[in-house]
*Asks:* 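The structure is given below, and queries will be raised subsequently.
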Number of protein chains: 2
Amino acid sequence: MPANRRTTLKDLARELGVSTATISNAFNRPDQLSPALRERILGTAKRLGYGGPDAKARSLRTGRSRIIAVILAESLTYSLNDAVASEFLSGVAEVLDNRGHTLLLLSSRQTQAQIPGSASMADGFIVYGLIPSLALLESLPSQSPLVSVDFDIAGRPTVHVDNEAACHAIAAHALRTPAKRPGIINLRLTATPLNGRISSDHRLLPPERTITRSRLSGFHRALGEAGVDTEQVPMWNIEENTFEVCAPVISEILDLPASERPDLLLCMSDRIALTVVTMAEQRGLRIPEDLRITGFDGIAEGQYRAPRLTTVRQNSVEKGRIAARIILGLAPAEPSLLATELLIADSCP
Amino acid sequence: MPANRRTTLKDLARELGVSTATISNAFNRPDQLSPALRERILGTAKRLGYGGPDAKARSLRTGRSRIIAVILAESLTYSLNDAVASEFLSGVAEVLDNRGHTLLLLSSRQTQAQIPGSASMADGFIVYGLIPSLALLESLPSQSPLVSVDFDIAGRPTVHVDNEAACHAIAAHALRTPAKRPGIINLRLTATPLNGRISSDHRLLPPERTITRSRLSGFHRALGEAGVDTEQVPMWNIEENTFEVCAPVISEILDLPASERPDLLLCMSDRIALTVVTMAEQRGLRIPEDLRITGFDGIAEGQYRAPRLTTVRQNSVEKGRIAARIILGLAPAEPSLLATELLIADSCP
DNA sequence: TTGTAGGCGTTATCAC
DNA sequence: GTGATAACGCCTACAA
């Protein structure tokens with residue numbers, strides 16, 4: 001037994017003159033052996049610096065690692081700095097933590113096109129958001145539980161919010177006060193990347209797999225019901241939900257001549273809406289008199305300072321909790337649809 | 001070979017009539033066998049649904065998992081929603097991703113007092129922030145590389161920012177314009193939890209292990225140099241860097257009678273400083289005329305909207321990168337001290 | 001270029 | 001209540 005080797009269960013067994021099975025039981029099934037012996041084992045374990053069964057060996061033997069992987073559609077950098085994704089992860093982490101599991105963070109946008117092999121150690125996978133290609137998932141063990149969030153994978157359980165209904169509700173609310181020039185700011189809606197005005201030339205992402213398409217349907221339905229010709233409603237697209245990417249597009253909108261500038265902007269995220277608020281204030285536009293704004297998500301930041309955002313609150317933390325429960329087998333592996341809540345505040349009373 | 005078992009390297013070898021070593025080489029050392037054979041192996045692997053060597057078995061055999069764990073001092077919920085921690089994690093993730101490693105997220109504040117056993121599968125550990133007790137780390141494999149960030153662990157490499165110097169610099173800048181009633185808002189400085197005014201009865205955390213003590217030293221040194229009696233400078237403490245926790249304490253400060261209300265507030269984080277800005281505006285206080293405010297961290301949010309925050313920028317992303325490089329052995333395992341940058345803006349010109 | 005065999009540290013299934 | 005033994009799936013000398 002070389003001194004610089006980690007002590008193993010076998011070393012302990014030899015030291016104590018008992019079998020390896022007994023040591024294993026001492027750690028995993030206390031009821032399977034006498035308290036006295038167990039005490040003795042745990043004692044000398046501590047003395048020899050044995051910290052319990054090796055996780056790698058145990059995972060090979062049992063087939064389970066107690067690790068759950070979350071595969072994020074966006075980059076880690078983006079996701080970690082996005083309030084909605086962070087809340088989702090909080091929800092996941094909360095449940096995992098409670099059940100002694102840990103969280104492995106992966107992104108579908110890594111330098112390596114494939115998901116690292118080490119990921120397949122996970123006992124289950126939560127896929128958050130529309131990933132660029134389902135081919136990514138092929139390297140994952142096909143037997144492991146997998147749940148998708150905010151989009152669908154055939155034959156797998158899903159956690160969703162009813163985006164269409166929520167967007168219909170908030171647009172209907174907004175249109176109760178007639179808008180002369182409504183406009184829509186979309187989040188990653190076009191088939192090819194675009195930051196700017198969407199023209200009829202642009203193709204959009206396929207409707208069945210994309211929450212932003214559902215959100216747009218909701219907006220359009222409400223606009224139609226209000227007698228607005230949706231064809232005439234200008235739309236802009238934003239690729240990433242960050243200040244840096246939003247700002248130029250929003251400048252473009254707010255710097256239109258007053259006769260063309262929208263007086264109502266339906267935004268697909270609070271981040272976008274908040275940036276509109278900030279930039280509108282910089283230009284001396286009054287909210288809501290000159291410009292009404294709605295968001296989506298209900299992030300905390302939108303409710304802190306005046307004008308508070310009119311938005312749809314989706315419970316991202318709960319989405320995370322549910323996804324985690326499904327993966328751990330604590331909830332049935334079936335599609336789950338969460339309710340949203342309309343938050344009416346200053347930006348569009 | 002039962003149908004419902006995952007196909008293994010051995011199955012593949014049998015199927016092809018070659019040895020297991022050859023299959024292993026086909027995946028791990030392409031140069032060790034003829035391209036033709038390799039092609040054939042990879043082909044039938046795909047056909048049989050063999051997705052490459054099993055990560056659990058491989059990790060047992062090689063002793064490495066290609067997983068790096070980050071142990072966060074704060075809860076996951078807090079850390080994920082905190083801009084500074086998120087940036088740090090981005091930096092870590094960036095380097096790990098580049099080297100084919102993945103990120104396991106742990107918190108020292110889990111429901112279980114101990115770190116889950118599965119964590120010890122990691123090849124290395126990055127400890128971010130002052131954890132409640134070093135005993136937590138005892139369950140970790142003592143041989144694995146470990147680096148601490150923003151605090152010290154004896155005998156381990158560390159990544160730090162020079163908090164004392166940075167805080168001296170920003171306070172010295174602020175005091176170039178004399179302050180009648182300077183005040184300090186600290187972040188987790190007292191030995192026992194406190195949200196409110198610090199009196200002389202309160203004990204503070206030990207200076208050698210706490211960045212907030214270093215920051216306070218910097219403030220005090222600058223105040224002393226400006227001829228201010230630091231004993232007379234009121235201090236408040238905040239336990240958590242969130243709006244909800246900050247707001248009541250800040251109310252208490254701003255609602256003091258005008259003759260007692262500070263006209264300069266040195267804050268230990270941008271989050272605190274931004275909350276001061278928001279709440280001061282709500283009360284009609286002018287910044288910087290009635291109240292000057294400094295922050296710490298240099299988070300993006302502080303630079304977006306007017307008044308922009310005067311603060312110290314610390315490069316959290318780079319901290320993460322360095323910690324990850326040390327863990328992966330790409331950088332020497334020695335203490336690293338990052339420079340900070342004074343950002344002078346509207347809130348304290 | 002390919003094959004053989006031993007072992008990584010553990011747990012499950014039996015016996016006793 | 002305790003012990004022997006066979007996997008778990010893979011990697012890597014070393015031999016051929």
Side-chain angles (χ1 to χ4, degrees), chain A residues 1-2 4-42 45 48-66 117-118 120-123 141 143-144, chain B residues 1-2 4-42 45 48-66 117-118 120-123 141 143-144:
Chain A
M1 168 171 71
N4 62 350
R5 190 169 58 79
R6 202 170 165 257
T7 42
T8 76
L9 180 152
K10 207 178 271 179
D11 299 332
L12 247 190
R14 216 178 355 241
E15 174 81 12
L16 282 160
V18 300
S19 94
T20 60
T22 305
I23 310 286
S24 178
N25 282 334
F27 283 96
N28 299 315
R29 313 181 179 178
D31 52 316
Q32 295 292 303
L33 75 176
S34 64
L37 180 55
R38 186 171 133 87
E39 277 311 305
R40 203 154 66 86
I41 292 176
L42 264 43
L48 294 191
Y50 177 72
D54 176 76
K56 298 199 251 298
R58 179 211 278 264
S59 78
L60 172 59
R61 176 60 234 224
T62 63
R64 288 173 313 100
S65 60
R66 306 200 129 237
S118 52
S120 60
M121 241 179 315
D123 293 340
Q143 317 253 14
S144 341
Chain B
M1 164 169 75
N4 63 350
R5 191 169 57 79
R6 206 168 162 257
T7 43
T8 76
L9 181 149
K10 206 178 270 179
D11 299 331
L12 203 56
R14 218 180 352 243
E15 174 80 12
L16 281 160
V18 299
S19 91
T20 59
T22 307
I23 311 285
S24 177
N25 282 335
F27 283 96
N28 299 316
R29 311 177 179 182
D31 52 316
Q32 295 292 303
L33 76 175
S34 67
L37 180 56
R38 186 172 133 87
E39 278 311 303
R40 203 154 65 86
I41 291 175
L42 264 42
L48 294 192
Y50 177 74
D54 175 79
K56 300 201 240 324
R58 185 220 271 283
S59 78
L60 172 59
R61 176 60 232 228
T62 62
R64 287 172 315 99
S65 61
R66 305 198 132 241
S118 52
S120 60
M121 243 180 314
D123 293 339
Q143 316 254 11
S144 336

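Numbered from 1 within each chain, the chains take letters A, B, ... in sequence-line order.
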*Asks:* Provide, to the nearest angstrom, the distance between the CG atom belonging to B:Asp54 and the P atom belonging to D:dA7.
*Replies:*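 B:Asp54 atom CG is separated from D:dA7 atom P by 18 Å.
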
*Asks:* What distance separates A:Arg38 CZ from A:Thr22 OG1, expressed to the nearest 0.5 Å?
*Replies:*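 Output value for this atom pair is 13.0 Å.
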
*Asks:* Applying a 4.0 Å non-hydrogen cut-off, can you work out what A:Tyr50 is touching in the nucleic acid: base, sugar-phosphate, or nothing?
*Replies:*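 Sugar-phosphate: the residue A:Tyr50, judged by heavy atoms under 4.0 Å, touches backbone atoms but no base.
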
*Asks:* Does B:Ile23 reach the side chain of B:Leu16, with side-chain heavy atoms less than 4.5 Å apart?
*Replies:*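 In short, these two side chains touch, coming nearer than 4.5 Å.
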
*Asks:* Output the single nucleotide from D:dG9, D:dA6, D:dC11 whose closest atom is nearest the side chain of A:Arg61.
*Replies:*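 Of all the options, the side chain of A:Arg61 is nearest to D:dA6.
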
*Asks:* Of the non-hydrogen atoms in A:Ala55 and B:Gly117, which two are nearest, and what is the gap between them?
*Replies:*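 What the structure gives for the nearest pair is CB-O, 3.6 Å.
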
*Asks:* When the distance from CZ of B:Arg40 to P of C:dT1 is rounded to whole Å, what number comes out?
*Replies:*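 It works out to 15 Å between those atoms.
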
*Asks:* If I take atom OG from residue B:Ser59 and atom CE from residue A:Met121, how far apart are they, to the nearest 0.5 angstrom?
*Replies:*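 B:Ser59 OG to A:Met121 CE: 5.0 Å, rounded to 0.5 Å.
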
*Asks:* Side chain of A:Ala57 only, heavy atoms from C-beta on: which candidate in C:dT11, D:dC11, C:dG9 is closest?
*Replies:*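 Selected nucleotide: C:dG9.
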
*Asks:* Counting side-chain heavy atoms from CB outward, which of C:dT11, D:dT2, D:dC11 is closest to A:Pro53?
*Replies:*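 Nearest to the side-chain atoms of A:Pro53, counting from C-beta on, is C:dT11.
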
*Asks:* Between B:Arg58 and D:dC10, does any side-chain N or O lie under 4.0 Å from OP1 or OP2?
*Replies:*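 Indeed not, no polar side-chain atom of B:Arg58 lies that close.
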
*Asks:* Distance check needed: D:dC8 C1' versus B:Asp11 CG, whole Å only.
*Replies:*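 After rounding, the gap between these two atoms is 13 Å.
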
*Asks:* Of B:Leu33 and A:Ala55, whose nearest nucleotide on DNA chain C comes first from the 5' end?
*Replies:*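 Upstream on the strand: B:Leu33.
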
*Asks:* Categorize A:Leu60 for me: base, sugar-phosphate, or nothing, with a 4.0 angstrom heavy-atom threshold over every strand shown.
*Replies:*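 The residue A:Leu60 makes base contact.
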
*Asks:* Looking at B:Thr62 and B:Arg58, would you say the former's side chain and the latter's main chain have a donor-acceptor pair under 3.5 Å?
*Replies:*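 Yes, the answer is positive, given that a donor and an acceptor are paired below the 3.5 Å cut-off.
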
*Asks:* From the options D:dC10, D:dG9, C:dG3, select the nucleotide whose nearest atom is closest to the side chain of B:Val18.
*Replies:*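 Looking only at heavy atoms from C-beta outward on B:Val18, the closest nucleotide is C:dG3.
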
*Asks:* Please report the interatomic distance CZ(A:Arg14) to OG1(A:Thr20), rounded to the nearest 0.5 Å.
*Replies:*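 Atom-to-atom, A:Arg14:CZ and A:Thr20:OG1 are 10.5 Å apart.
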
*Asks:* Rounded to the nearest angstrom, tell me the gap between atom CZ in A:Arg14 and atom C1' in D:dT2.
*Replies:*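 In whole Å, D:dT2 C1' and A:Arg14 CZ are 18 Å from each other.
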
*Asks:* Hey, does the side chain of A:Thr22 come within less than 4.0 Å of D:dG3's phosphate (OP1/OP2), counting only N and O?
*Replies:*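 True: A:Thr22 side-chain N/O within range (under 4.0 Å) of D:dG3 OP1/OP2.
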
*Asks:* Classify A:Asn28 by what it touches in the nucleic acid, base, sugar-phosphate, or nothing, heavy-atom distance under 4.0 Å.
*Replies:*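 Sugar-phosphate contact only.
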
*Asks:* Contact class for B:Ser59 vs. all strands (heavy atom < 4.0 Å): base, sugar-phosphate, or nothing?
*Replies:*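 No contact.
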
*Asks:* Separation of B:Leu16 atom CG from C:dG3 atom C1', in whole Å?
*Replies:*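 Taking CG of B:Leu16 and C1' of C:dG3, I get 15 Å after rounding.
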
*Asks:* Can you tell me how far P of D:dC11 sits from CG of B:Asn25, to the nearest Å?
*Replies:*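 Taking CG of B:Asn25 and P of D:dC11, I get 9 Å after rounding.
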
*Asks:* Answer with base, sugar-phosphate or nothing: what part of the nucleic acid does B:Arg29 contact at a heavy-atom distance below 4.0 Å?
*Replies:*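 Sugar-phosphate contact only - B:Arg29 comes under 4.0 Å of backbone atoms but never of a base.
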
*Asks:* Mind calculating the distance between CZ (A:Phe27) and P (C:dG9) to the nearest angstrom?
*Replies:*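 Roughly 15 Å, once rounded to whole Å.
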
*Asks:* Does a side-chain N or O of A:Ser19 approach OP1 or OP2 of D:dA4 to a distance below 4.0 Å, or not?
*Replies:*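 Negative; the distance criterion is not met.
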
*Asks:* In this structure, how many angstroms lie between the P atom of D:dC11 and the CG atom of B:Leu12, rounded?
*Replies:*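 Taking CG of B:Leu12 and P of D:dC11, I get 12 Å after rounding.
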
